[in-house]
**Q** 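Once you've had a glance at the structure underneath, I'll fire off some questions.
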Amino acid sequence: MTSTDEFRARARAWLEQNAKPFDEAADYDLEGTAVPLEESKRFQKALWEAGFAGITWPKEYGGQGLGAAELIAFSEEAADFELPTGPFVIGLGMPGPTILELGTEEQKKRYLPPLLKGEEIWCQLFSEPSAGSDVAGLQTTATRTETGWIVNGQKVWTSGAQHSDYGAIIARTDPSVPKHSGITMFIVDMRHPGVTVRPLVVATGHAPFNEVFFDDVEVSDDAVIGRVGEGWAAAVVMLRHERVTIGTGTRARSNPLGFDSLLELARARGLDRDPAVRRRLALLYARESALGAYGRVLHEESMAGVPIGARGSAAKLAGAEQALWAADLAQDILGADLALGGADLERVAMAIVAAPGNAVAGGTNEIQRNIIGERVLGLAKDPGVDRNTPYNKLKLSR
């Protein structure tokens with residue numbers, strides 16, 4: 001038995017003892033909020049104490065110091081269980097890896113261990129009402145003071161802000177230079193009295209996102225992630241981690257639009273022997289397998305020091321299109337039952353309604369195609385008429 005096999009067996013044994021097995025009949029929790037926050041924190045701490053949190057992160061910052069093989073092994077075993085770790089997904093997948101890559105030694109030692117141990121929750125503060133796909137057009141400002149910076153502005157579509165202790169925010173620190181140049185990334189205290197969080201209700205009736213307002217919020221000089229004025233480069237790093245996190249996650253059995261779930265729906269309706277349905281289910285299985293294999297390649301290359309770059313956008317795009325494709329298949333399998341069915345179909349109905357959001361969150365499919373075309377395929381860039389114009393000379397709708 002290899003060391004990875006031993007790790008997998010230990011992970012399976014721990015999960016069977018400490019986690020709840022996936023239950024097809026359980027209520028579908030789109031937001032991951034059915035479990036009390038304190039219970040999620042206790043579970044994350046237990047996960048870390050058992051050696052299954054921060055699997056590939058360095059030991060000196062609270063991680064396990066292992067490789068991609070162990071990370072993939074744990075993810076595959078965890079797919080059979082309901083892990084109440086939703087509040088930590090953003091921090092562990094985006095701000096955490098960015099601090100690990102760009103942060104100071106003090107930032108790594110201060111913020112990474114509490115994140116892994118479930119003691120602190122993080123969010124990502126990028127999008128704004130007038131800066132969605134064009135994130136560099138942000139209007140939130142950070143003004144220099146004698147002791148640090150004062151942040152003012154608004155962010156939107158922020159997942160988990162209502163639970164967060166800290167956030168990674170990008171703000172404009174120099175409006176006299178082109179928009180991509182005068183940006184800085186900061187660590188911001190979400191409990192500061194100048195921070196206001198308001199929930200945003202989406203089509204499913206849930207409120208997984210928030211709008212966040214910053215009114216004279218103080219941040220110190222040691223809260224800068226990376227360097228002053230190089231926030232766009234830091235944002236690109238975080239977006240890379242975000243797209244890999246979104247696009248390469250192991251598909252849990254709890255996914256209502258996954259192969260296992262849709263196969264059961266087809267069987268329950270006697271459609272598993274219909275040639276057209278069988279062909280589409282087979283294609284769904286192949287697509288899931290291909291996406292999983294691509295995710296493993298990216299994880300292994302990342303651990304080996306191979307730059308992933310814009311290929312993370314390919315994973316994100318594939319994952320978003322997969323959700324839409326599977327939603328179409330689910331609707332065809334269910335037919336009128338989707339509208340007339342009872343509570344037993346709520347899981348898949350909610351997932352179908354939520355599926356288009358995957359094509360927007362983390363950068364639209366159109367943006368991902370632009371990135372792939374320009375940075376992977378080497379195609380010509382779209383014309384950027386405002387790319388070299390100082391930000392304070394641009395005509396903006398405010």
Side-chain angles (χ1 to χ4, degrees), residues 37 61 87-88 90-91 94-115 119-131 135-177 179-200 209-235 237-239 391-392 396 398:
L37 187 61
Y61 307 127
F88 301 97
I90 298 294
M94 300 164 204
T98 302
I99 290 175
L100 190 60
E101 187 169 335
L102 300 177
T104 64
E105 190 68 14
E106 291 74 16
Q107 288 173 342
K108 294 174 187 178
K109 290 180 178 179
R110 162 60 186 88
Y111 295 109
L112 298 184
L115 172 58
E119 297 170 356
E120 294 173 349
I121 299 173
W122 283 67
C123 62
Q124 177 203 59
L125 300 149
F126 278 19
S127 295
E128 298 185 7
S130 298
V135 176
L138 62 89
Q139 297 179 17
T140 294
T141 62
T143 305
R144 172 75 81 173
T145 68
E146 292 183 0
T147 58
W149 304 82
I150 297 292
V151 177
N152 283 282
Q154 178 187 358
K155 297 294 180 176
V156 74
W157 306 122
T158 305
S159 302
Q162 73 273 31
H163 304 308
S164 295
D165 301 289
Y166 294 96
I169 186 172
I170 49 176
R172 191 161 304 283
T173 49
D174 185 356
S176 68
V177 296
K179 62 182 182 180
H180 289 83
S181 301
I183 296 172
T184 302
M185 182 180 289
F186 299 92
I187 297 169
V188 62
D189 183 355
M190 295 296 290
R191 308 302 181 190
H192 189 284
V195 177
T196 302
V197 178
R198 297 177 184 171
L200 291 171
F209 309 112
N210 304 271
E211 54 181 348
V212 186
F213 298 86
F214 298 87
D215 297 295
D216 293 334
V217 176
E218 301 173 6
V219 295
S220 58
D221 278 324
D222 60 9
V224 175
I225 300 177
R227 296 182 179 180
V228 173
E230 297 184 9
W232 182 249
V237 170
M238 190 174 295
L239 289 170
Y391 179 80
N392 56 11
L396 304 171
R398 298 180 185 272

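Only a predicted model underlies this, so the values are computations on that prediction, with no experimental measurement involved. Side chains are part of it too, since the values below use all heavy atoms of this structure and drop only hydrogens, waters and symmetry mates.
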**Q** Going by an N to O cut-off under 4.0 Å, is there a salt bridge joining Arg144 and Asp221?
**A** yes
**Q** Let me see the working for Val188 and Val151 under side-chain contact (heavy atoms from CB on, under 4.5 Å), right down to the final yes or no.
**A** CA-CA 9 Å; Val188 62; Val151 177; 5.7 Å; no
**Q** Going by heavy atoms in the side chains, are Thr140 and Arg172 under 4.5 Å from each other?
**A** no
**Q** Just wondering, do Ile169 and Val212 contact through their side chains at under 4.5 Å, heavy atoms?
**A** no
**Q** What's the shortest heavy-atom distance between Met94 and Pro97, and which atoms?
**A** O-CD, 3.3 Å
**Q** Carefully, step by step, assess Thr104 and Asp222 under the rule side-chain contact (heavy atoms from CB on, under 4.5 Å).
**A** CA-CA 9 Å; Thr104 64; Asp222 60 9; over 6 Å; no
**Q** Supply the atom-to-atom distance Tyr111 OH to Tyr166 OH, rounded to the nearest 0.5 angstrom.
**A** 5.0 Å
**Q** Does a side-chain heavy-atom distance below 4.5 Å link Ile187 with Val219?
**A** no
**Q** Looking only at heavy atoms, what is the nearest atom pair of Leu115 and Glu120, with distance?
**A** CD1-O, 3.7 Å
**Q** From the options Thr158, Leu125, Val217, Asp165, select the one residue that forms a side chain to side chain contact (heavy atoms under 4.5 Å, CB included) with Met190.
**A** Leu125
**Q** What's the shortest heavy-atom distance between Ala168 and Met238, and which atoms?
**A** CB-CE, 3.6 Å
**Q** Would you call Ser181 and Asp174 a side-chain contact if the rule is heavy atoms closer than 4.5 Å?
**A** no
**Q** Kindly check if the number of other-residue, nucleotide or ligand heavy atoms within 6.0 Å of CD (Glu211) is above 12?
**A** yes
**Q** Give me the atom names and distance for the closest heavy-atom approach of Arg191 to Asp189.
**A** N-OD1, 2.9 Å
**Q** Compare all side-chain heavy atoms of Phe88 with those of His163 and state whether any distance is below 4.5 angstrom.
**A** no
**Q** Report the distance from atom NZ of Lys179 to atom CD of Gln139, rounding to the nearest 0.5 Å.
**A** 11.0 Å
**Q** Check Leu138 against Tyr391 and note the closest heavy-atom contact, atom names and distance.
**A** O-OH, 3.2 Å
**Q** Do Phe214 and Asn152 come within less than 4.5 Å of each other through their side chains, counting heavy atoms only?
**A** no
**Q** CH2 of Trp232 to CE of Met185: how many Å apart, nearest 0.5 Å?
**A** 10.0 Å
**Q** Donor-acceptor pair, distance only, cut-off 3.5 Å: does the side chain of Gln107 make one with the backbone of Val224?
**A** yes
**Q** Please name the pair of heavy atoms, one in Thr141 and one in Ala171, separated by the smallest distance, quoted to 0.1 Å.
**A** C-CB, 4.0 Å
**Q** Indicate yes or no: at least one non-hydrogen side-chain atom of Val135 is less than 4.5 angstrom from one of Ile170.
**A** yes
**Q** Would you compute the distance between atom CZ of Phe209 and atom CG of Leu200 and round it to the nearest 0.5 angstrom?
**A** 9.0 Å
**Q** Decide yes or no for Gln154 and Pro129: does some side-chain heavy atom of the first lie under 4.5 Å from some side-chain heavy atom of the second?
**A** yes
**Q** Does Tyr61 form a side chain to side chain donor-acceptor pair (under 3.5 Å) with Glu105? I'd like the steps, not just the answer.
**A** CA-CA 9 Å; Tyr61 307 127; Glu105 190 68 14; 2.8 Å; yes
